[in-house]
Every structure is written in C-alpha cells, then in structure tokens.
Colleague: 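One structure follows; several queries about it will come next.
Just so you know, these numbers use all the heavy atoms, side chains as well, and skip hydrogens, waters and symmetry mates.
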Amino acid sequence: MSTLLIATAAVLSLAACGKKTAAKSDTVKVGILQLIDQSALKDAKNGFMSELKAEGYTGKKIKIDFLNANGDQSNLKSMSDRLKSDKNDLNLAIATPAAQALQNADKDTPMVFTAITDPKSAGLTSNVTKPDKNATGVTDMVDVKGQIDFTHKLFPKAKTIGLLYNAAEANSVFQIKIAKAEIKKLGLKVVEKTAATTNDVQQATEALAAKSDAIYIPTDNTAAAAMATVGKVSEKTKTPVVNADATMIKLAGVATVGINYHDLGKQTAKMAVKILKGKKVSSMAIEKPAKTRLVTDASRMKLFGLTQAQVEAAAKAVQ
C-alpha cells in the first residue's frame, strides 16, 4: 500500500511540475484595434508595444494581432468580432470609435484603451475611478482652457479663433464645447468648421483661414490624418495653427503644450501589464496623461514672428 501511495504521489508531483512549466511558457495573446492610420495613433501603438517589450513580453512570450480599421465603421465591427473570436488575454483599443466597437462585440476580454478624451460620455464606463465595464486605460484629455489661453497669449491681436474638427467624433465635440466657452470668455469671436472625412479638411481649413486670425485644433482623428494639408493652408494663408496634439506640430502647428502619444501608449501598456499579471480591471482607475510637453516648430515660429522666450512665457498658461 505504501509503495502505491509513493508512486501515486510521484506521478502527481510530476504532473504539477508539468503544469507549472506549461503555464510559464504560455504565450500571452493581445489584440490591438486602431481606428485610422494617422501619426498620433500610430505613435500610441508603437509606445504600447515598446513598453510591453521593455516589460519582457518579447518573442514567443507574446502574440499580437494588430488590426487597423482605416476609419471604416464596418471594419470596426468585423475586426472587433474577430478579436473576440481570438479569445485574447487582453485587447487594446486606440481611439473612441475603436473602443466602442470592441466593447459592443466583446464584454468578456479585458480591454485597455488609449487616445480617448472622455470615456464616460463614450459609454466605456460609468465610473472613472472604479471602471465597471471591463475596460480601463489612459485618456488624451488636454487642458483645453489652458491651450486657448496659450493661443491668445501667442497671438494677442487675434480677434477671431477658428475651430476645426469632425462633428462625428465625440472626443472632439467634447473639447470644442470647452474651447468655445473659453474663447467667448476672452471676448473673442468663434468660427467653426467641421470635416467629416480627410477629403473635407482642405476646404474646411481654407474656409476657416478666410475668417479667422488663428486656428485651434483639438485631438481630432480626422484632422490629424490630414494635418499636412492643414499645414500647407496655414503657411499659404499666413494663418497660425495651434494643435492640442504635440505630434502634429511638425506638420502644421506653431507650438503647443500638449500630449505625446508615444508616452500615452507606454503609460497604457503599464496598465495592461498589471492586468496580464492578474490585477482586476475594476480596481484600476482610468488615468490622465502623466505629462505634457512644450513642442514648437522653428520655421513657423519665424513665419509668425514668435521667439522662443515668447512661446515659453505663453506656455505657462497651460497646467
């Protein structure tokens, strides 16, 4: 009897060791759904992946399924369904429509999101401190009031501020509402133009430039995808642009105190790693960007007669 017990114990011990070894060598599966192919969202994805690599998720330890919807709502739905069928350990959604589509398709797989301005109004949670819909992440909400003040200090003679955005993007509408209120508080006029697609951006920017002394653009995906076009119009019409998104300054803006999407992606990945290691989504409050940066474009500063000292002084308006 004792011999049989010893043999059985040995088999069970070996089986347990085998399970531990298998668990240790398991590949983590991560799905990524990106709304559109534009610089800021691409930077967010790259930041996310670089931080996962830094945390040791490399080679056979991780399998990533990256899908880009190219701004197509039907793609978002079919791609969300595919990620659900993949039965990933975690999914990342980049931009509000991607997160909404993924949440509608898959309520079981933990989701982290990034490049989303207001997750509560987007329906991704009803509580930002204790997420209740299996989704958490990092917002890209900037200090809109501060940025309007920054724009005013840069261009104090500007009497009319133009606003460019896509009215179908909830994140943009949220920011524009704040911007309009702040512009009016300064005693300035507001002109707004919307662009439903990237093809509409040039015409909308030209219309704004004809009626505005300066243009402010929130973290808008449609405008960002056509920011090079905005830059050309800005330089041709001598109408300065201030972007909420620091990534876009190199394409169109004069300066901003804004967020860097690579940093945003890295911050989101740190949250993802905690979830992959067993932390509950509901215990992880949705985070704001950890830092902002003053970013300038020397050629456009010269074009609009601004010095570095003037820009740095104006930057103090942004929290």
Colleague: Between Gln175 and Thr219, do the side chains contain a donor N or O and an acceptor N or O under 3.5 Å apart?
Modeller: yes
Colleague: For the atom pair CD (Gln38) and CG (Asp245), what is the distance rounded to the nearest 0.5 Å?
Modeller: 7.0 Å
Colleague: List the steps and the verdict of side chain to side chain contact (heavy atoms under 4.5 Å, CB included) for Thr296 and Ile249.
Modeller: CA-CA 7 Å; Thr296 62; Ile249 291 297; 5.7 Å; no
Colleague: Give the cluster check for Val28 versus Val112: same hydrophobic cluster or not, with ILVMFWY residues linked at side-chain heavy-atom distances below 4.5 Å.
Modeller: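 Yes; tracing contacts between hydrophobic side chains, which count when under 4.5 Å, links both residues.
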Colleague: State, with a plain yes or no, whether a side-chain heavy atom of Lys61 is found less than 4.5 Å away from one of Thr27.
Modeller: no
Colleague: Taking the side chain as C-beta and beyond, is there a heavy-atom pair between Leu163 and Val191 under 4.5 Å?
Modeller: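 Side chain of Leu163 against side chain of Val191, heavy atoms only: no contact under 4.5 Å found.
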Colleague: Can you sort out the partners of Lys157 under side-chain contact (heavy atoms from CB on, under 4.5 Å), two or more places apart, ordered by chain and number?
Modeller: none
Colleague: Quick one: are Ile286 and Thr139 in side-chain contact, heavy atoms under 4.5 Å?
Modeller: yes
Colleague: Under a 3.5 Å distance rule, please check whether Ser212 uses its side chain to pair with a backbone N or O of Ala209 as donor and acceptor.
Modeller: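 Checked: no pair found.
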Colleague: For residues Thr237 and Glu206, is any side-chain donor paired with an opposing acceptor at under 3.5 Å?
Modeller: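 No donor-acceptor contact under 3.5 Å links the two side chains.
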Colleague: Apply the test side chain to side chain contact (heavy atoms under 4.5 Å, CB included) to residues Leu92 and Phe48: give CA-CA distance (whole Å), side-chain angles for both, the deciding distance (0.1 Å), then the verdict.
Modeller: CA-CA 9 Å; Leu92 165 69; Phe48 182 84; 3.6 Å; yes
Colleague: I'd like to know if the side chain of Lys133 reaches the main chain of Lys107, judged simply by a donor and an acceptor atom lying under 3.5 Å from each other, with no hydrogens or angles considered.
Modeller: no
Colleague: State plainly whether one hydrophobic cluster holds both Val241 and Leu188, where clusters connect Ile, Leu, Val, Met, Phe, Trp and Tyr through side-chain heavy atoms under 4.5 angstrom apart.
Modeller: no
Colleague: Which heavy atom in Pro119 sits nearest to a heavy atom in Phe113, and how many Å separate them?
Modeller: CB-CZ, 3.7 Å
Colleague: Does Lys63 have more than 12 heavy atoms from other residues, nucleotides or ligands lying within 6.0 Å of its NZ?
Modeller: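 Result for NZ/Lys63: open.
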Colleague: Identify whether NZ of Lys or CZ of Arg in Lys45 sits under 6.0 Å from the centre of the six-membered ring of Phe66 and within 45° of that ring's axis.
Modeller: yes
Colleague: Can you tell me how far the CE atom of Met248 sits from the CG atom of Asp220, to the nearest 0.5 Å?
Modeller: 11.0 Å
Colleague: Within the side chain of Thr268, is there an N or O that forms a donor-acceptor pair under 3.5 Å with the backbone of Gly137?
Modeller: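 Absent.
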Colleague: Quick check against the 3.5 Å criterion: does Gln267 have a side-chain atom that pairs as donor or acceptor with the backbone of Ala290?
Modeller: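 Present.
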Colleague: Is there a path from Met141 to Ile176 through hydrophobic residues (I, L, V, M, F, W, Y) whose side chains come within less than 4.5 Å of each other?
Modeller: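 Result: yes, single cluster for both.
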Colleague: Under 4.0 Å between a side-chain nitrogen and a carboxylate oxygen: does that hold for Asp108 and Lys84?
Modeller: no
Colleague: Donor-acceptor pair, Asp213 side chain versus Thr160 backbone, under 3.5 Å?
Modeller: yes
Colleague: Do Leu83 and Leu90 share a hydrophobic cluster, counting only Ile, Leu, Val, Met, Phe, Trp and Tyr and linking them when any side-chain heavy atoms are less than 4.5 Å apart?
Modeller: yes
Colleague: For the residue pair Val242 and Leu154, establish whether any side-chain heavy-atom pair is separated by less than 4.5 Å.
Modeller: yes
Colleague: Do the non-hydrogen side-chain atoms of Tyr261 and Lys42 ever get within less than 4.5 Å of each other?
Modeller: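 Sidechains of Lys42 and Tyr261: no contact.
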Colleague: By the definition side-chain hydrogen bond (donor to acceptor under 3.5 Å, both in side chains), identify the one residue from His152, Lys145, Lys153 that meets it with Asp149.
Modeller: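 Going through His152, Lys145, Lys153 one by one, the side-chain hydrogen bond (donor to acceptor under 3.5 Å, both in side chains) with Asp149 is satisfied by Lys145 alone.
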Colleague: Does Lys77 come within less than 4.0 Å of Asp81, counting only side-chain N to carboxylate O?
Modeller: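 Salt bridge present between Lys77 and Asp81.
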Colleague: To the closest 0.5 Å, what do you measure between CD (Glu235) and OG (Ser299)?
Modeller: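 Rounded to the nearest 0.5 Å, the CD-OG separation comes out at 6.0 Å.
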Colleague: Around Lys29, counting heavy atoms of other residues, nucleotides and ligands shown, do more than 12 lie under 6.0 Å from its NZ?
Modeller: yes
Colleague: Rounded to the nearest 0.5 Å, what separates atom CG in Asn88 from atom CD1 in Ile32?
Modeller: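 The distance works out to 10.0 Å.
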Colleague: Can you see which heavy atom on Thr239 is nearest to which on Phe304, and at what distance?
Modeller: C-CZ, 3.6 Å
Colleague: Given Val144 and Phe174, is the side chain to side chain contact (heavy atoms under 4.5 Å, CB included) satisfied, shown in steps?
Modeller: CA-CA 10 Å; Val144 178; Phe174 182 77; over 6 Å; no
Colleague: Starting at CG of Leu208, measure out to CD of Gln203 and round the result to the nearest 0.5 Å.
Modeller: 11.0 Å
Colleague: For Thr125 and Asn127, test the side chains for any donor-to-acceptor distance below 3.5 angstrom and give the result as yes or no.
Modeller: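 Thr125 vs Asn127: no donor-acceptor pair found between side chains.
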Colleague: Donor-acceptor pair, distance only, cut-off 3.5 Å: does the side chain of Thr136 make one with the backbone of Met284?
Modeller: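 Here the side-chain-to-backbone pair exists.
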Colleague: Tell me, with the steps shown, if Glu169 and Thr96 meet side-chain hydrogen bond (donor to acceptor under 3.5 Å, both in side chains).
Modeller: CA-CA 8 Å; Glu169 292 189 30; Thr96 302; over 6 Å; no
Colleague: Evaluate the side-chain proximity of Val30 to Asn91: yes if any heavy-atom separation is below 4.5 Å, no if none is.
Modeller: no
Colleague: So, for Thr256 and Ala246, which heavy atoms are closest and what is the spacing to 0.1 Å?
Modeller: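 Minimum heavy-atom contact is CG2-CA, 3.7 Å.
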Colleague: Can a donor-acceptor pair be found, under 3.5 Å and without considering hydrogens, that links the side chain of Gln147 to the backbone of Val142?
Modeller: no
Colleague: Out of the candidates Lys316, Gln310, Gln308, only one should pair with Glu312 under the side-chain hydrogen bond (donor to acceptor under 3.5 Å, both in side chains) rule; please name it.
Modeller: Gln308
Colleague: Can you tell me how far OG1 of Thr247 sits from CD1 of Ile259, rounded to the nearest 0.5 angstrom?
Modeller: 7.5 Å
Colleague: For Arg300 and Ala252, indicate whether the former's side chain and the latter's backbone hold a donor-acceptor pair under 3.5 Å.
Modeller: yes
Colleague: I would like to know whether Ile217 and Val230 meet side chain to side chain contact (heavy atoms under 4.5 Å, CB included); could you show each step before the answer?
Modeller: CA-CA 10 Å; Ile217 304 176; Val230 174; 3.9 Å; yes
Colleague: Only counting residues at least two apart or in another chain, list the ones meeting side-chain hydrogen bond (donor to acceptor under 3.5 Å, both in side chains) with Ser126.
Modeller: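 With sequence neighbours excluded, Ser126 shows a side-chain hydrogen bond (donor to acceptor under 3.5 Å, both in side chains) to Asp132, given in chain and number order.
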Colleague: Is there side-chain contact between Ile178 and Glu182, with heavy atoms separated by less than 4.5 Å?
Modeller: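 Yes, close enough: below the 4.5 Å cut-off.
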Colleague: I'd like to know if the side chain of Thr117 pairs up with that of Asp140 as donor and acceptor (distance under 3.5 Å, no hydrogens or angles considered).
Modeller: yes
Colleague: May I ask you to say whether Arg82 pairs ionically with Asp65, meaning some side-chain N is under 4.0 Å from a carboxylate O?
Modeller: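 Yes, this pair counts.
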Colleague: Under a 3.5 Å threshold, yes or no: a donor from one side chain and an acceptor from the other, between Asn46 and Asp43?
Modeller: no
Colleague: Is it the case that the side chain of Asp200 and the backbone of Thr197 share a donor-acceptor pair, with hydrogens and angles ignored and the cut-off at 3.5 Å?
Modeller: yes
Colleague: Would you indicate whether the side-chain heavy atoms of Asn171 and Ile116 approach each other to under 4.5 Å?
Modeller: no
Colleague: Quick one: does any side-chain atom of Asn68 pair with a main-chain N or O of Asn70 as donor and acceptor, under 3.5 Å?
Modeller: yes
Colleague: Under 4.5 Å between side-chain heavy atoms, counting indirect links through other Ile/Leu/Val/Met/Phe/Trp/Tyr residues: same cluster for Leu251 and Val257 or not?
Modeller: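 They do not share one cluster, since no chain of ILVMFWY contacts under 4.5 Å joins Leu251 to Val257.
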